[in-house]
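What follows is a short report on a single structure.
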Amino acid sequence: ASSRAAALLAGLDEEKYALYGKNLGLAFQMIDDILDITADSSTLGKPAMLDFVEGKVTIPYLLLHERLENKTKLESLYKKELTQEESLWIKEQMSITNALSDSILQAKQIGNIAIKAVEDEEKFWRDQGVYAIPTVIFNNQIAQVGASETKTYKEIIFNNIFTFFN
């Protein structure tokens with residue numbers, strides 16, 4: 001809605017920017033959900049895997065549940081404080097079932113839909129003197145972003161989602 005409103009005020013194509021905003025928001029949320037699994041508590045500034053403990057249903061957990069042959073263990077861990085061993089088991093299952101890598105792929109696809117919606121707008125913005133049009137990029141290594149201890153949670157998300165045209 002924000003992207004659509006801004007486009008309306010600027011006299012730009014509302015539908016393009018609505019599609020951009022919707023898909024950028026979805027991709028951002030999916031990366032946030034992925035980081036909840038892959039990053040550590042000190043990096044996140046909150047307990048890791050908190051979404052699962054709080055009972056939030058996210059794409060990685062939906063894919064994991066769908067792909068597990070025996071769902072009993074996963075279901076028994078839902079909405080409960082996890083031990084280190086239980087967290088490790090979930091992360092291992094995310095890898096074995098490709099639930100995490102497929103979630104990353106889905107986030108990339110949705111992010112690319114956002115890019116394509118406004119990619120022809122670059123010339124317009126350059127003509128206006130704006131040289132920092134956000135372009136979504138997703139790195140296959142996003143599962144490794146927890147290694148940085150010097151960045152805040154939001155910096156990690158933005159550093160792994162955004163780059164700018166020069």
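Excluded from the calculations below are hydrogen atoms, water molecules and symmetry mates; all remaining heavy atoms, backbone and side chain alike, are included.
A salt bridge links Lys80 to Glu86: at least one charged side-chain nitrogen sits closer than 4.0 Å to a carboxylate oxygen. Using a cutoff of 4.0 Å between basic side-chain nitrogens and carboxylate oxygens, Asp36 and Lys46 are scored as salt-bridged.
When the side chains of ILVMFWY residues are joined at heavy-atom separations under 4.5 Å, either directly or via intervening members, Ile104 and Val57 end up in a single hydrophobic cluster. Linking ILVMFWY residues whenever their side-chain heavy atoms come closer than 4.5 Å, directly or via other members, places Leu26 and Ile59 in the same cluster. Under a hydrophobic-cluster definition in which Ile, Leu, Val, Met, Phe, Trp and Tyr are linked whenever side-chain heavy atoms come within less than 4.5 Å, directly or via other members, Leu82 and Trp89 are assigned to the same cluster.
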Given the rule in the side chain to side chain contact (heavy atoms under 4.5 Å, CB included) test, do Gln93 and Leu68 qualify, once you have shown the distances and angles that lead to the verdict? CA-CA 8 Å; Gln93 296 307 305; Leu68 283 174; 3.4 Å; yes
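Under the 4.5 Å side-chain criterion, counting only non-hydrogen atoms from C-beta, Tyr61 is not in contact with Asp33. Looking only at side-chain heavy atoms (C-beta outward), Met94 and Ile37 come within less than 4.5 Å of each other. Between Ile34 and Pro60, the closest side-chain pair of non-hydrogen atoms falls below 4.5 Å. Considering only heavy atoms from C-beta on, Leu62 stays 4.5 Å or farther from Thr58 through its side chain. Between Leu74 and Phe52, the closest side-chain pair of non-hydrogen atoms falls below 4.5 Å.
Every residue two or more places apart in sequence or in another chain was checked for a side-chain hydrogen bond (donor to acceptor under 3.5 Å, both in side chains) with Glu66, and none qualifies. Listed by chain and number, the residues in a salt bridge (Lys or Arg N to Asp or Glu O under 4.0 Å) with Lys116 amount to none (sequence neighbours excluded). Taking the salt bridge (Lys or Arg N to Asp or Glu O under 4.0 Å) definition, one finds that Glu15 meets it with Arg4, sequence neighbours left out. By the salt bridge (Lys or Arg N to Asp or Glu O under 4.0 Å) test, Glu81 pairs with no residue at all, sequence neighbours left out.
A side-chain donor from one of Asp32 and Gln29 sits under 3.5 Å from a side-chain acceptor of the other.
Residue Leu105 is found outside any hydrophobic cluster, as its side-chain heavy atoms come under 4.5 Å of no other Ile, Leu, Val, Met, Phe, Trp or Tyr.
What you find for Ser41 and Pro47 is that their closest heavy atoms are OG-CA, 3.4 Å. The two residues Ser3 and Tyr20 make their nearest non-hydrogen contact at OG-CD2, 4.2 Å. Contact record, Ala27 with Ile110: N-CG2, 4.0 Å, taken as the closest heavy-atom pair.
The side chain to side chain donor-acceptor pair (under 3.5 Å) contacts involving residues 96-106 comprise Arg67-Asp102, where partners must be two or more places apart or lie in separate chains.
Here the NE2-OH distance, from His65 to Tyr78, works out to 10.0 Å after rounding to the nearest 0.5 Å.
Crowding of Gln84 atom CD: a count of heavy atoms from other residues, nucleotides or ligands under 6.0 Å not exceeding 12. Taking a 6.0 Å sphere around CD of Glu85, one finds it holds 12 or fewer heavy atoms contributed by other residues, nucleotides or ligands.
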